[in-house]
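In each ligand, atom 1 is the first atom listed, and ligand 1 is the first ligand listed. Computation of the quantities below employed the complete heavy-atom set of this structure, encompassing side-chain atoms and omitting hydrogens, waters and symmetry-equivalent molecules. Residue numbers start at 1 and run along the sequence shown.
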Amino acid sequence: MTSHILGNKTITDRILCSWIRCKRKAWLDHNENNHKKVWSAHRALQLDHQHKSLERFFNNSPQKGIEGLIIGAREVVGVRLKGVTSLGLNIEGHPLLLQKINGKSFLGEFSYIPITVRQGHRVTRENRLSLAFWGYLLEQFQKIEVKYGLAISKVNNDLEVEKVIFSKKIKAELLDSLERINKDICKEDLPALTSDRKKCTLCSWKQLCDEKASQEGDLSEVNGIGAKRKSILQEIGISNLNELASTSPINLSKKLSKYGEAHEKIASQLINQARVQINLIPQQLRENIILPELKFAKGVLIYDIESDPDAKHDFLHGFVLIKRRDNGEWSLDDAKYEPILNIENNNEKAIWNKIKQRLKSFQDFPVLHYGETELLSLYKLARKQGENEKDIKMMTVNFIDIHSRLKGGWLLPISNYSLKNVAQWLDFRWTYKGSSGARALLCWRQWERSVEVRSQRKNKLDWILKYNQDDCIATWKIAEWLLNEE
Ligand code: SF4
């Protein structure tokens, strides 16, 4: 890892946003080689949302650059602003969008305010501070105070617009943050990994940080340890995987008891998980058969849904059918993939009838799924179609959550029990490299609004179907492993 001190830094809006998410990210953005970054489907989804929200906001095509501001265009993109803070720090920003409002400025009888796009349901600190940052730069350019900015977001077919006032408090927070950023990115040593590793999913430095976490036996690598539990363990003197593995369960349980029953109860599970990860040998937790339903089953249905959570749209219900051979063997050569596509999201009745029909045709077959999403979504859909609770229960009585059975029966030498992680540990590989749910969603959104030629659209849909089929097969691979270990 390169480690050096640089002088005369210019703090950009990008560094500010990175720093708000993770101090290490800001340092890496500023000091590390960009080729170590990896493409993130989650980030691409954010950009897609940004693009759609802006498209919805624009009245006409926006003008570009400083020329756009000078002629007084209504909306302007592509402006680069430079400035200096009251404490002499160089700053530079590239506002997403500027909108003209009334009010005299250096430009004429008008001035501009900054606009950002909100991700999720609430305006975040990152949104507020980046707007304030652009406002601060605009003030220096327009020579007039910028009192507010706007955070916009496309939600279904509507556009939500929220005013963010640049209060004294926000401005003070911004200047204080810029000072701290300057100190942080000048430090010689790379800051520690963020305690909330969930944030890493969105980050382009994830691969680099995952390697570091694994090399150092970071506590976040142990399944069951999130940000809160990690800081508790550090507080009681356990700082890595090896230390956790060599702790006595009784001692740890005693020490954790003052942080609440949930932490106390999980002590020996955490230690066992850490030991399994060090020894690289899976550990069976109980003797009972984990999938008794499959003992005499004539076949199974494997079920996996692909969804667009923002649009509340389950766009694909994928089923793989495997009939058992007469000699009792299971073989993937007999697997048949039968997807039900819900393209328009306005004909749920027809989709529900197809799913109901599918389940009815194989009512004696266990239905395997990984995680609780499938069952929850199915319940929701059935209730919306007016099915009564008793009938829904009957229809789903054969559903088996493989994730929950696996976690109840085994400790595996892996850092998390997601479908991807477990199946990869079993040497299963998805057809397309870099497959993920986020990538499938991105593909779906691109397909939805794509104006490409028919064959390119078809490729995207084929990609999603193959990915969904692979998810079903991966679920089967895990079930098959459980069966073979019984
Ligand atoms: S991957 Fe995680 S720890 Fe690393 S820089 Fe990104 S957010 Fe921070």
**Message:** Under 2.8 Å from atom 8 (Fe) of ligand 1, can any N, O or S atom of C203 be found?
**Reply:** no
**Fill in**
In ligand 1, the atoms that come under 4.0 Å of a heavy atom of K206 are 1 (S)
**Message:** Taking 2.8 Å as the cut-off, does C209 contribute an N, O or S atom near atom 4 (Fe) of ligand 1, distance below it?
**Reply:** yes
**Request:** Determine whether the aromatic ring centres of W463 and W444 lie less than 6.0 Å apart.
**Result:** no
**Prompt:** H369 and ring pair (Phe, Tyr, Trp, His ring centres under 6.0 Å): which partner among F399, Y303, W476?
**Reply:** F399
**Atoms of ligand 1 close to C200 [distance to a heavy atom under 4.0 angstrom, numbered from 1]** = 1 (S), 2 (Fe), 3 (S), 7 (S)
**Prompt:** In terms of atom number and element, which parts of ligand 1 are under 4.0 angstrom from non-hydrogen atoms of K25?
**Reply:** 5 (S)
**Item:** Ionic contact status for E92 with R80, cut-off 4.0 Å
**Value:** yes
**Message:** With a heavy-atom distance limit of 4.0 Å, tell me whether C22 approaches ligand 1 through its side chain, its backbone, both, or neither.
**Reply:** side chain
**Message:** Between the side chains of E160 and R118, is the shortest nitrogen-to-carboxylate-oxygen separation below 4.0 Å, so that they form an ion pair?
**Reply:** yes
**Asked** Regarding K163 and the six-membered ring of Y148, is the cationic atom NZ or CZ under 6.0 Å from the ring centre and inside 45° of its axis?
**Response** yes
